[in-house]
Amino acid sequence: MSFGEGCHLHLIDGSAFIFRAYHALPPLTRKSDGLPIGAVSGFCNMLMKVVEESAGHDAPTHVAVVFDHKGKTFRDDIYDKYKANRPPAPEDLRPQFPLTRDATRAFNLACIEVEGFEADDIIATLARQGREAGGRVSIISSDKDLMQLIGGGVEMVDPMKNKRIDSEGVEEKFGVGPNRVVDVQALAGDSVDNVPGAPGIGIKTAALLINEYGDLESLLERAEEIKQPKRRQSLIENADLIRISKRLVELDQNMDLDFTLESLEMKAPVADDLLGFLADMELRTLSTRIANKLGLEAPAIPDAPAVSSAAPETKGFDPDTYEWVKDAAGLQTWIDKIYARGWVAVDTETTGLNEMLVDLVGISLCVEAGEACYIPLAHIADGGDDLFATEAVAEDQINLEDALTMLRPMLEDPAIVKIGQNMKYDAKIFARYGARVAPIDDTMLLSYALHGGLHNHGMDTLSERYLDHKPIPIKSLLGTGKSAITFDKVPVADAVKYAAEDADITLRLWQMFKPQLHEKQVTKVYEKLERPLVPVLAEMEMHGIEVDRDALSRMSNTFAQKMAGLEAEIHEKAGRPFNVGSPKQLGEILFDDLELPGGKKGKTGAYSTGADILEDLATEHEMPALVLDWRQLSKLKSTYTDALQDHINPDTGRVHTSYSIAGASTGRLASTDPNLQNIPVRSEEGRRIREAFIAPEGKVLVSLDYSQIELRILADIAGIDALKDAFRQGHDIHAMTASEMFDVPLEGMDPMIRRQAKAINFGVIYGISGFGLARNLRIPRKEAQGFIDRYFERFPGIHTYMDQTVEFAKEHGYVQTLFGRKIHTPGIAEKGPRAGFGKRAAINAPIQGTAADVIRRAMIRMPDAIQGLPAKMLLQVHDELIFEVDQNAVDDVVGVVRHIMENAADPAVKLSVPLVVDAGQGANWAEAH
DNA sequence: AGAGTCACG
DNA sequence: GACGTACGTGACTCTG
């Protein structure tokens, strides 16, 4: 049947519909493997409607479902910022794009996309063809950009409101007829698509001007005549930009299409194809509905056990099936598989654990459970028994640079999700080889969001626990201790089995964990607090901080001398030489030789010689104080002034810590290798170590820290009005507490009283006990208990909070932060003497965890906030961020960073107390803090 | 490898 | 009524 009068063409804006379906529907996943299919399901429902309507009086005779083709369009050449504001499509939507094409074909409808053009252009061209052929055309879309096509038998149908829009409807919306819509849009611009337009002119004004001057060109030519100076100026100054805008919004109605309108004739779905597809997607309801409609029996969709339930293994692990990728052709096959899939599990093998130093040895990939490969890149051939064999490149491996050239576009492709276990590690490795891996998903972080507090989140733990599979131990390949080898020396055949298995495990964990985010209601935690932190931390770690090696070296020497002096003195007082660093020997000297009071302690039966014990003994004997001094110096030297020098990276000359994101159960980060979160500050001598952390010439270090963040959060969570008011009014919180508790005036407060109140405030955060407070304040336990009773009396909300939190933990097995992070508290089930630990941890976790969430949010927003400013975020110390800033930009940076930090809870959580940030700057960390 | 000690928030 | 306690980390040293 040729297209003409009496025919009715439906043009469905497929791409727009996918987004609508995605956002309107809850995130549905395919039960068997967790594939996200929410948008696909919505899309199928929409197509079903089209098919159902085909019998009605207004039925389409011809249908085309039109999609945007991926990649650039001709509009990007006209204006490089076109649609530049668009965020990339959500991770769980991307794999659904190809599936909606499949759905369209399964419904036996024409599925159309053309490279270099948007769906709108194809719709425009088809609409013109349909109109000129004398038929009716209905555009199924609510995109206002398509309104320019209306008229002459072309109408739009808003699929959501089920409303028809004709020429009158366009007038209503734009104030002009369809033929002038582009002129109005060119003037008004569009912030969503980043069409510039004329600043200060919206749709209303634009319509007014077009109606007055007839069309856009006349208006621009006669712009001088406009009376209002602002409008006149805007049009004159932006004439070129407006003309560009018009070219952006104007749709191409004259594309060369390689098919005819006739080919769009509507055909009934082929039952096998359609039901097969729906069965594949495991869409039972829809499948049944359609089967009934077609008078067929719905195919049985096996009720696959949900992946989240135990023993999900459809396929076992078989190391012999993993592929050794030996050449470019083999690699290309895998890249093709990845593009067909939309995601890939990736794992890198390297010569060590320090991402800043090690070399890449190989890469493993996995696209489907059991289907994994290893790409050896820098393995060294086995020299056999010949000790003098020169190291040679192993056979059957691709040149590293060639492989990376092939992989880089995939690793950076926004449409391909790269899944890893601790992706920060791999992303940093790839970054050093010139690939910015994005977007990413991380099974370690998925587990952290789901199971925080229950167990650690290393791959071995996760695999054994959730896949019931014990991975090949790395030790079996590398050996242990001194004789351990690096991964490049591992025979490739062995490496394939180990490395590919890791990628396989990672993919299987991802398929299991990802759908559980929604079930456990921690999607936001993962998406807002975990995943976006990865690139931020990677950046900080790679940047590192400058450390003055000579200053550390000088301090080490000074400490060594002082220690030698102290050691001699200690030996003399002890009466005989011994190892001062040995608590065992020290205990014997103190309690056996010198017969000082104090006893055994601990399961080992050894004497306890901790700082508090030695402090007590200092009144009895001269030696303990000397040992304390010696210990302090020993600590400073071994842990800081010596060790930090070894951590200076030879290439960058800076120190690069590594943050573990999933280490602490509360949501805090932990810094390792070296730990830069416990650099001394409390003692004068220790604090001098911070002088060695410096900024390069022309820059300074800037430190910003939250003031009393945990107490503020406690005040909010527990709803303590007195505390909240004090924070709102900027009062000294510890003095206020003291005044409230001991009935003393704020003026002329005794520092001792304030100190006690401060200790109580901290104690509350930790789940206070009489014993703990007594020990901290060195007061009788009865007295400490009296303080606590009084505190609860004055701030009754605290006690309620503690009881309710413990109750919640007992009932649910976890507690929550204000941002929804779940911290599991298995310790709460402990009976007997250990019960207190569980309770206190449960009380502390929401407070510490909420503070951790707040600074995470600030850090995640920081790169955008300081973009363009000469500032780099270097370190995080729980409530403090340290930046390296150009000297002349400090004030600007402090302003921006403080604003981000103080408002970090917004808009997810509205705190009832203000967050306050203090700032400092200086040539080194000691000055900045 | 585990205990003891001590650095930080 | 006794238990045995502040919360969260990481690094270093000694010891078996």
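- The residue A:Glu710 sits apart from the nucleic acid: no heavy atom pair falls under 4.0 Å.
- Among the atoms of the strands shown, only primed sugar atoms or phosphate atoms (P, OP1, OP2) are found under 4.0 Å from some heavy atom of A:Asn675.
- Rounded to whole angstrom, the span from the CZ atom of A:Phe762 across to the P atom of B:dC8 amounts to 14 Å.
- Atom CG in A:Leu614 sits about 7 Å away from atom P in B:dC6, given to the nearest Å.
- B:dC8 and C:dC3: their C1' atoms are spaced 31 Å apart (whole Å).
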Output side-chain donor-acceptor pairs under 3.5 Å for residues 805-812 of chain A, partner residues at least two apart or in another chain, one line each.
unit_1, atom_1, unit_2, atom_2, d
A:Thr805, OG1, A:Tyr801, O, 2.6
A:His812, ND1, A:Phe808, O, 3.2

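- Counting any heavy atom pair closer than 4.0 Å across all strands shown, A:Gly767 reaches no nucleic acid atom.
- Within the 4.0 angstrom heavy-atom criterion, no nucleotide atom of any strand lies near A:Arg687.
- The structure places CE of A:Met444 at 10.5 Å from CG of A:Asn456, a figure rounded to the nearest 0.5 Å.
- With sequence neighbours left out, the ring-ring contact (aromatic ring centres under 6.0 Å, His included) criterion links A:His455 to A:His451, A:His457, A:Tyr466.
- Listed candidates were B:dG9, B:dC6, B:dT5. Nearest to the side chain of A:Pro583 is B:dT5.
- At the phosphate of B:dG9, neither OP1 nor OP2 sits under 4.0 Å from any side-chain N or O atom of A:Arg668.
- Atom CD1 of residue A:Ile765 and atom CG of residue A:Leu711 lie 4.0 Å apart, to the nearest 0.5 angstrom.
- Annotation for A:Ile900 and A:Ala858: closest pair CG2-O, 3.6 Å, computed over non-hydrogen atoms.
- Using a 4.0 Å heavy-atom cutoff across all strands shown, A:Ala774 reaches no nucleic acid atom at all.
- Residue contacts for A:Ser769: at a heavy-atom cut-off of 4.0 Å it reaches a base atom on one of the strands shown.
- Protein atom CD of A:Gln677 is 12 Å distant from nucleotide atom C1' of B:dA7, rounded to whole Å.
- A distance of 5.0 Å separates CG in A:Leu445 from CD1 in A:Ile661, rounded to the nearest 0.5 Å.
- Residue A:Ile765 is out of contact with every strand shown, counting any heavy-atom pair closer than 4.0 Å.
- Inter-residue side-chain proximity for A:Gln645 and A:Ser556 is flagged as met; some heavy-atom pair is nearer than 4.5 Å.
- In summary, the aromatic rings of A:Phe787 and A:Tyr791 are positioned with their centroids too far apart to meet the 6.0 Å limit.
- Only A:Lys635, A:Ser638, A:Thr639, A:Ala643, listed by number, bring a heavy atom of residues 632-644 of chain A to less than 4.0 angstrom from any atom of DNA chain C.
- For A:Asp732, the side chain to side chain donor-acceptor pair (under 3.5 Å) partners are A:Arg754, not counting sequence neighbours.
- Protein chain A contacts DNA chain C over a range whose 5' and 3' limits, counting nucleotides with an atom under 4.0 angstrom from a non-hydrogen atom, are C:dC3 to C:dG16.
- A cation-pi arrangement is found for A:Arg840 relative to A:Phe837, the charged atom lying closer than 6.0 Å to the ring centre and inside a 45° cone about the ring normal.
- What separates CH2 of A:Trp630 from P of B:dT5 is a distance of 13 Å, to the nearest Å.
- Contacts of A:Lys428 classified as side chain to side chain donor-acceptor pair (under 3.5 Å), with partners at least two apart in sequence or in another chain: A:Glu355, A:Glu541.
- Here A:Asp879 lies in heavy-atom contact (under 4.0 Å) with sugar-phosphate atoms only.
- Nucleotide B:dG9 holds its C1' atom 5 Å from the NE2 atom of A:His878, rounded to whole Å.
- Partners of A:Lys758 under the salt bridge (Lys or Arg N to Asp or Glu O under 4.0 Å) rule, at least two apart in sequence or in another chain, do not exist in this structure.
- Across all strands, A:Asp705 comes closer than 4.0 Å to no nucleic acid atom at all (heavy-atom distances).
- Side chains of A:Leu586 and A:Arg631 form a contact here, defined as non-hydrogen atoms less than 4.5 Å apart.
- With sequence neighbours excluded, no residue forms a side chain to side chain donor-acceptor pair (under 3.5 Å) with A:Arg682.
- Using a 4.0 Å cut-off on heavy atoms, none of the residues of residues 447-458 of chain A approach DNA chain C.
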For DNA chain C, what string of dots and brackets results from 5' to 3' when Watson-Crick and G-U pairs need both distances under 3.5 Å, crossing pairs get [ ], and pairs with another strand get |?
-> ......|||||||||.

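- Side-chain contact between A:Arg856 and A:Leu669 is present, with heavy atoms from C-beta onward closer than 4.5 Å.
- The base of B:dG4 does not come close enough to the side chain of A:Arg631 for any donor and acceptor atom to sit less than 3.5 Å apart.
- In this view, A:Arg857 satisfies the salt bridge (Lys or Arg N to Asp or Glu O under 4.0 Å) rule with no residue, not counting sequence neighbours.
- A cation-pi contact, defined as under 6.0 Å to the ring centre and within 45° of the axis, links A:Lys822 to A:Tyr814.
- Residue A:Lys475 contributes atom NZ, which lies 6 Å from atom P of B:dA1 at whole-angstrom precision.
- Between A:Glu685 atom CD and A:Thr558 atom OG1 the span is 9.5 Å, to the nearest 0.5 Å.
- For residues 819-849 of chain A, proximity to DNA chain C is found at A:Pro833, A:Phe837, A:Arg840, A:Ala841, A:Asn844, A:Gln848, defined as any non-hydrogen atom under 4.0 angstrom from a strand atom.
- Separating the CD1 atom of A:Ile882 from the C1' atom of B:dC8 is a distance of 12 Å, rounded to the nearest angstrom.
- Look at the P atom in both B:dC6 and C:dG4: the space between them is 23 Å, to the nearest Å.
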